[in-house]
Protein chains: 2
Amino acid sequence: MPDDPDRRQSTIKDVAERAGVSLSTVSRVVAGNYPVAQATRTRVQRAIEELNYVANTHARALGGGATRTVGFIVNDVRGPAFAEAVHGVEQEAARLGHICLVATTDGDPARELAAIRLMREQRAAAVFLIGGATDSAAYRARMADIARSLDAAGSRLVLCGRPPLGDGIPATAVEYDNEGGAYALTGFLVGRGHRRILYVGGDLTFTTTAGRVAGFRRAMADFGLPVDEGLFELGAQFTRAAGYERVSARLRGGRDFTAVFAETDVVAAGAMAAVFDAGLGVPEDVSVVGYDDIPLATDLRPALTTVRVPYEELGRAAVRAALERPAGRPEPHQMLGTHVIIRQSAGRPASA
Amino acid sequence: MPDDPDRRQSTIKDVAERAGVSLSTVSRVVAGNYPVAQATRTRVQRAIEELNYVANTHARALGGGATRTVGFIVNDVRGPAFAEAVHGVEQEAARLGHICLVATTDGDPARELAAIRLMREQRAAAVFLIGGATDSAAYRARMADIARSLDAAGSRLVLCGRPPLGDGIPATAVEYDNEGGAYALTGFLVGRGHRRILYVGGDLTFTTTAGRVAGFRRAMADFGLPVDEGLFELGAQFTRAAGYERVSARLRGGRDFTAVFAETDVVAAGAMAAVFDAGLGVPEDVSVVGYDDIPLATDLRPALTTVRVPYEELGRAAVRAALERPAGRPEPHQMLGTHVIIRQSAGRPASA
DNA sequence: GGCGCCAGTGGGACCGTTACCACTCCCCGC
DNA sequence: GCGGGGAGTGGTAACGGTCCCACTGGCGCC
């Protein structure tokens, strides 16, 4: 047995020779849907097993066209919310007979671009961009370009959890309601008597942040409460550490709020830790709420009041929109609903 | 503009025509390493940009052989520990210029098999199986088969977090030390004075469980303590709910242990919740320890004493082992170390 | 009994790219 | 002045499938 490093999988040709039939016949047996005599079929199938034959996707893709591959691009698979969305995409894609390519970007637009390029090289049937983005004219122009390129190649761009690009751009968006969820959650806090709420979140150019802040503001306005611009801690990373530091610093500077609206549950976990480390209680002294309803929210003590976001369904819906859409091409934009999950981390302020 | 549904990406041929050169020259420019006159190169590059040309991986793979694609197969990307490993694989693969295919199995061997088949169809350069497995003679035979098939095709099977298949089987294993970690953690509990420790974990046929239970037993033996076979709660799922239920049931039946060794942090979270719901305290009444050191461990209150497992490094090491291995083929099995992280969830038993 | 049809099969062309070989200059050295 | 060699380029045969077209019998129908 010579150890040639460039070994070869057996091919359809090997199978054909062994079974004593033509290439076409083997192809038909593998495909399964053409008329082949039972005897021939059996013979070919035996040859396939004996040779351990496995079809070559690349050859198939080259000839036929359709790839049965989709790609998804995500900030970081370790984020529990992203992980849920990824799971949804993966499950639904598998159900429809597609296999997934992944790439992570750490939020870097350059890496996002590079990842999209790779997906294009792979001729993915659809590309899913999962999670918010830093919005700008440049971003929109870039995405529009990409959407058109993908569309021209018979592929599809799907934005999951970020807003549509606008009419005429061949991209699908599947969102969940950041604005509405934040509105409801803020309303809940206000209902409990909070008037001064510290908002801890990301940069306003980030689509997710923009939506949640908008909902927050609208709720405050609707309830006739003033918004103190000094009570925004923006530009934070979506990490536990950032939540901890921002809230710690605020508490050191004098506690002029009764509740913390953390933009994600992970940030809320940091915020809660900061409150405890300042010798205060949650929710007695400071109420803390989050957003996303990741599993952690249940395990925090007190358990976190938050907004349930159907991330898995988001992923599934995105795949369905891209892959099950009939040939005629409507441009379905979907907006999934969210709702507040009331647990123990938010109560009435001491003053109320 | 006719809306033909089967549109075409521009190809190397289109580029060649537009730039007025041959296919070979375009190919050389794209590859980048052959001698091409500067003027020609520029002309071709312009054509590439104008046509928005993107190379077709499938055609490349068909001709050349090497794929620059790796596949990883995991129980569930939502598990924080898995997610870390997946992240490691993804990052390292990207660094080496490879793109990742993912598939999830929910622990179902049949789906694992199907996923491996898909990876084979894609001619992945390596296939990573991430996480423990249910061991059996059938499992080993199956894996050996797969390893040989993959090897015969010039690909590679890598087991991440499960034991090697044995000599002569062309598969690489990258493990972390389940036995040693459990030994150390048990030693820690014993050192604090615990003698009756409830072990909550999976099925003994599961490789991870087997390793951790073995370490637990060895530690008890080394410290001269008897092992009460009644203090094993095995066959549990690795979920919060399972941890909660198993420990709740035990507590209802009378508390005959002073500490809980939960096989994973997620199970530990459930265990802690059960202790609280029984009106007891952690660690005053019952100490709880976990395994994995996922982010949740920090956020639990009390913060969880656990075993740090370098999951991300596991993923990275696996990729390096598979992709950077020189042509001559050593069969490197690696065992990564673990260590105990002491936090607040384990103290001295009341009796001590 | 001749004709058409269809089930079953084989024979290519083609998909987009790379690898290899061949060819043409031009420059240099003897 | 001529041969050798290398830089720069073109031509073409793979790679492993699928798909379309063509061919062969056998059968039913008029």
Side-chain angles (χ1 to χ4, degrees), chain A residues 6-45 47-48 51-69 120-124 153-155, chain B residues 4 6-45 47-48 51-69 118 120-124 153-155:
Chain A
D6 44 3
R7 285 152 292 185
R8 232 170 39 87
Q9 291 269 72
S10 43
T11 73
I12 215 172
K13 197 173 160 198
D14 302 326
V15 175
E17 277 168 15
R18 185 171 194 105
V21 296
S22 72
L23 302 184
S24 314
T25 302
V26 178
S27 176
R28 278 187 274 257
V29 171
V30 173
N33 39 4
Y34 283 86
V36 176
Q38 188 52 49
T40 315
R41 182 183 303 274
T42 315
R43 201 141 36 90
V44 171
Q45 271 159 348
I48 286 176
L51 292 172
N52 204 359
Y53 166 76
V54 177
N56 184 327
T57 317
H58 303 296
R60 243 201 290 248
L62 198 51
T67 335
R68 303 223 141 246
T69 299
R120 288 229 278 149
E121 290 188 355
Q122 297 273 348
R123 299 297 188 264
S155 178
Chain B
D4 53 338
D6 44 2
R7 286 151 292 184
R8 231 170 38 87
Q9 291 270 73
S10 43
T11 71
I12 217 172
K13 197 173 159 198
D14 302 325
V15 175
E17 276 169 17
R18 185 172 194 103
V21 297
S22 72
L23 302 185
S24 313
T25 302
V26 177
S27 177
R28 280 187 273 255
V29 170
V30 174
N33 39 3
Y34 283 87
V36 176
Q38 188 52 47
T40 315
R41 182 183 302 274
T42 315
R43 201 141 37 91
V44 171
Q45 271 159 347
I48 286 176
L51 291 173
N52 204 359
Y53 166 77
V54 177
N56 184 328
T57 317
H58 302 297
R60 249 207 279 255
L62 197 51
T67 336
R68 303 223 142 248
T69 299
L118 283 175
R120 288 229 278 151
E121 290 188 355
Q122 297 274 348
R123 300 297 189 263
S155 178

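Small disclaimer: the values here were computed from a predicted structure and weren't measured. Every chain is numbered from 1, with letters handed out A, B, ... down the list of sequences. These numbers come from the heavy atoms of this one structure, side chains and all, not from hydrogens, waters or symmetry mates.
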Would a 4.5 Å heavy-atom cut-off, applied to side chains only, mark [X] and [Y] as touching?
X     : Y     : result
B:R18 : B:V15 : no
A:T40 : A:R28 : no
A:Q9  : A:N56 : no

Side chain to side chain contact (heavy atoms under 4.5 Å, CB included) against [X], all qualifying residues, sequence neighbours excluded:
X     : result
B:T69 : A:Q122, B:T67, B:I99, B:L101
B:Q45 : B:V29, B:R41
A:T11 : A:R8, A:K13, A:D14

Problem set entry | Distance in Å, A:R43 CZ paired with A:I48 CD1, rounded so as to fall on 0.5 Å steps | 12.5 Å
Exercise. For the atom pair CZ (A:R60) and CZ (A:R68), what is the distance rounded to the nearest 0.5 Å?
Worked result: 10.0 Å
Polar atoms only, N or O, under 3.5 Å: list the protein pairs with nucleotides 12-18 of chain D and their distances.
residue	atom	partner	partner atom	Å
D:dC15	O2	B:G63	N	3.3
D:dG16	N2	A:A59	O	3.3
D:dG17	OP1	A:Y53	OH	3.2
D:dG17	OP2	A:I12	N	2.8
D:dG17	O5'	A:Y53	OH	3.0
D:dT18	OP1	A:R60	NH1	2.8
D:dT18	OP2	A:S27	OG	2.6

For this session: Answer with base, sugar-phosphate or nothing: what part of the nucleic acid does A:T40 contact at a heavy-atom distance below 4.0 Å?
Result: sugar-phosphate
Problem set entry | Considering all heavy atoms, the nearest A:A59-B:L62 contact | CB-CD1, 3.8 Å
Seminar exercise, completed: Bounded by its outermost nucleotides with an atom under 4.0 Å from a heavy atom of chain B, the footprint on DNA chain C reads C:dG16 to C:dA19
Problem set entry | Presence of B:S22 side-chain N/O under 4.0 Å of D:dT9 phosphate oxygens OP1/OP2 | no
For this session: Estimate the overall bend of the helix from C:dG1-D:dC30 to C:dC30-D:dG1 from the end axes over five pairs each, rounded to 10 degrees.
Result: 40°
Exercise. So, A:S22 versus A:T25: side-chain donor-acceptor pair below 3.5 Å or not?
Worked result: yes
